[in-house]
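Before any comments, here is the structure.
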2 protein chains.
Amino acid sequence: MVQDTPEPRSISSPAQRRERRDAAAHRQRILAAAQRLFAMHGVSQVSMHQIAQAAGVGQGTLYRRYANKGELCKALAHAQHETFAKEVHSWLASDGAILPPMERLAGVLERLLRFVLDGAALLEEIALTEFRNGTCDMSCDPAEPPPGQEQWLDWMHALVGDLLGEAVTRGDIAPLDISFTADTILNALNPMLLHFYHLGRGYTHERILQGLRHLYIEGLSERKDR
Amino acid sequence: MVQDTPEPRSISSPAQRRERRDAAAHRQRILAAAQRLFAMHGVSQVSMHQIAQAAGVGQGTLYRRYANKGELCKALAHAQHETFAKEVHSWLASDGAILPPMERLAGVLERLLRFVLDGAALLEEIALTEFRNGTCDMSCDPAEPPPGQEQWLDWMHALVGDLLGEAVTRGDIAPLDISFTADTILNALNPMLLHFYHLGRGYTHERILQGLRHLYIEGLSERKDR
DNA sequence: CCTGTAAATGGACACCTGTCCGATTATAGC
DNA sequence: GCTATAATCGGACAGGTGTCCATTTACAGG
């Protein structure tokens, strides 16, 4: 049930000691407890103290590993992120491969929207914590540095940026500020914003998708086929 | 210094008692103290307890009036909001009047960007609190209902929506989901997002403005003059 | 002036986050 | 097995938020 980052536990681990066995067990228990409590009561209703208690560890231990609830959520969301990344990659390599870049972007956004709406509770907590702490970088837990793992937001930013860049090169869209545009598009799928869309405005999934498509795909495209 | 909502203190106040004099004085002291402390140490560094103490009132009194720091910030930001609204209105009535709707929208966005960047600290706290509490409606303090006062976000949403609607009617832009588009455009100027743009990305004021213009003004417009 | 009543007050309280540090325990080298 | 050592543990603690409620106080009407 609990997805764990596959530890670099090769015996031949060169200079650095491998994670102590009890520590590893505790991390498992923490993740399992958090997942259970979150599922039971909702992310925002569960305190770090409760998690520590349910996992049978002290608060200090919990905070040593996860500096705040957001970090803990990141660890839990990690597997979901990877699944999503794989799904997007495989789509881009198969069905998406024959589409022009802006249509590929549309496909990515559609999948991203679904992904965010599904994992909303976890992602919201992550975003909230980051904004609150002013880190704002969506970077990953430095205590868990799986080699070569891309940071979530950076990865999405690069992906959207690449698609935009390709579209510019092909002349499908006019030249633009790629980095800023990618940021703006991704922000339109911010978990907190979608939460507001759902509660405050009552926008449906389809309506959001269509709105995004009109604004960012058709809006940017030079050749409008109307 | 402290801008106060002009109380409905007409003697002929029909059924409802007017605010007690001591309560009014306390509110003044609270606002003054908050403004002073915020200016001195930054919004996020000042606790509600400190504010209460500096104002010479108990925490209970403070919370009775302002349910949380966000509400207090809203009260302080109220005058700024009104100033901004007046500035936009007068521009729309004078220089803006001769421009097509999408150019008027560009002017509004430019002013909004400046406004948000200026009052960032206060607005960020407001947005953060709202998201945290899940209220997400940006509505005003129900304890202070100045008659006829528009809610800030609703007002902006309506303004942007009107401009978009006019542009559609004139055929300047293709028909679209006006409400959703207005929400999305406004979200691109979210205080928290701009904070991230500044810190995490280093985007300048001008770069943001140009990016927004390309995306939302030129992107939506039918007749592109390139 | 006196009195009833509802609004206003303020500090104790419950709970939460995040830090700190002495005590504990796993591991490496002998 | 034994020891040195550093990672790890866990609960106390320092703040902060927001609630509660017994007490106080301003205002209106007799």
Side-chain angles (χ1 to χ4, degrees), chain A residues 7 9 11-30 33-34 37 41-73 125 128-135 141 143-144, chain B residues 7 9 11-30 33-34 37 41-73 125 128-135 141 143-144:
Chain A
E7 276 312 294
R9 50 167 55 269
I11 312 276
S12 64
S13 157
Q16 65 196 7
R17 282 154 104 104
R18 73 168 169 276
E19 183 178 41
R20 264 165 53 169
R21 226 166 298 150
D22 56 342
H26 278 169
R27 199 193 38 216
Q28 295 285 25
R29 285 222 305 273
I30 289 171
L37 289 175
H41 306 112
V43 174
S44 63
Q45 293 305 307
V46 179
S47 75
M48 292 293 267
H49 184 77
Q50 282 173 53
I51 295 171
Q53 202 158 338
V57 304
Q59 270 193 45
T61 305
L62 176 54
Y63 273 101
R64 145 175 284 278
R65 217 167 282 286
Y66 303 105
N68 50 54
K69 220 205 271 193
E71 294 294 320
L72 178 52
C73 288
E125 179 61 44
L128 201 56
T129 304
E130 305 242 319
F131 276 120
R132 181 158 49 231
N133 296 357
T135 53
D141 184 352
E144 270 183 290
Chain B
E7 275 313 294
R9 51 169 51 269
I11 311 276
S12 63
S13 159
Q16 66 197 6
R17 281 153 104 106
R18 71 168 169 275
E19 184 179 41
R20 263 165 55 168
R21 225 166 294 147
D22 56 340
H26 278 171
R27 201 192 35 215
Q28 296 285 23
R29 286 223 304 275
I30 288 171
L37 290 175
H41 306 112
V43 175
S44 64
Q45 292 305 305
V46 179
S47 75
M48 291 293 265
H49 185 77
Q50 281 172 56
I51 295 170
Q53 202 158 337
V57 304
Q59 268 194 37
T61 304
L62 177 53
Y63 273 102
R64 146 176 280 277
R65 218 166 281 288
Y66 304 105
N68 49 54
K69 222 204 274 192
E71 294 294 320
L72 179 51
C73 289
E125 180 60 43
L128 200 55
T129 304
E130 305 243 317
F131 277 120
R132 179 159 50 232
N133 297 356
T135 53
D141 184 350
E144 270 182 291

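Convention: sequence-line order gives letters A, B, ...; per-chain numbering from 1. Values below: all heavy atoms of this structure, side chains included; hydrogens, waters and symmetry mates excluded.
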TODO: Please report the shortest heavy-atom distance between A55(A) and I30(A), naming the atom on each side.
DONE: CB-CA, 3.8 Å
TODO: Can you see which heavy atom on Q50(B) is nearest to which on Q45(B), and at what distance?
DONE: NE2-O, 3.9 Å
Open item on the list: Rounded to whole Å, please give me the gap between CG in L62(A) and C1' in dT19(C).
Closed with: 13 Å
- [ ] Give, for atom OG1 of T61(B) and atom CZ of R29(B), the distance between the pair rounded to the nearest 0.5 Å.
- [x] 10.0 Å
TODO: For residues V57(A) and I51(A), determine if any side-chain heavy atom of one lies less than 4.5 Å from a side-chain heavy atom of the other.
DONE: no
TODO: To the nearest Å, give me how far apart OH (Y66(A)) and P (dT17(C)) are.
DONE: 17 Å
Task: Distance in angstrom units between Q59(B) CD and dA8(C) P, rounded - done: 19 Å
TODO: Look at the side-chain N and O atoms of H26(A) and state whether any lies under 4.0 Å from the OP1 or OP2 oxygen of dC9(D).
DONE: yes
Task: Interatomic distance, R27(A) CZ vs dA7(D) P [rounded to whole Å] - done: 17 Å
- [ ] Send over the distance from Q53(A) CD to dC15(C) P, rounded to a whole Å.
- [x] 12 Å
Task: Atom-to-atom span, NZ of K69(A) to C1' of dC15(C) - whole angstrom - done: 12 Å
Task: Nearest heavy-atom neighbours spanning M48(B) and L62(B) - done: O-CD2, 3.1 Å
Open item on the list: Would you say T61(B) places a side-chain N or O within less than 4.0 Å of OP1 or OP2 belonging to dA8(C)?
Closed with: no
Open item on the list: Expressed as a whole number of angstroms, how long is the span from I30(A):CD1 to dT8(D):C1'?
Closed with: 11 Å
Collect all protein-nucleotide pairs involving nucleotides 21-23 of chain D in which both atoms are nitrogen or oxygen and the distance is under 3.5 Å.
none

Task: Non-hydrogen side-chain atoms of E71(B) and Y63(B) separated by less than 4.5 Å - done: no
Task: Atom-pair distance (CZ on R65(A); P on dT19(C)), nearest Å - done: 16 Å
Open item on the list: With a 4.0 Å cutoff (strictly under), does any side-chain N or O of R64(B) reach OP1 or OP2 of dT19(D)?
Closed with: no
Open item on the list: I'd like to check the side-chain hydrogen bond (donor to acceptor under 3.5 Å, both in side chains) partners of H49(A); sequence neighbours left out, ordered by chain and number.
Closed with: Q53(A), Q59(A)
TODO: Check side chain to side chain contact (heavy atoms under 4.5 Å, CB included) between A54(B) and all other residues, then give those that pass, not counting sequence neighbours.
DONE: A33(B), R36(B), L37(B)
TODO: Respond yes when some side-chain nitrogen or oxygen of Y63(A) is under 4.0 Å from OP1 or OP2 of dT19(C), and no when none is.
DONE: no
TODO: Of all the heavy-atom pairs spanning V46(B) and K69(B), show the shortest one and how long it is.
DONE: O-NZ, 2.8 Å
TODO: Residues of residues 42-52 of chain B with any non-hydrogen atom less than 4.0 angstrom from an atom of DNA chain C: list those, numerically ordered, please.
DONE: none
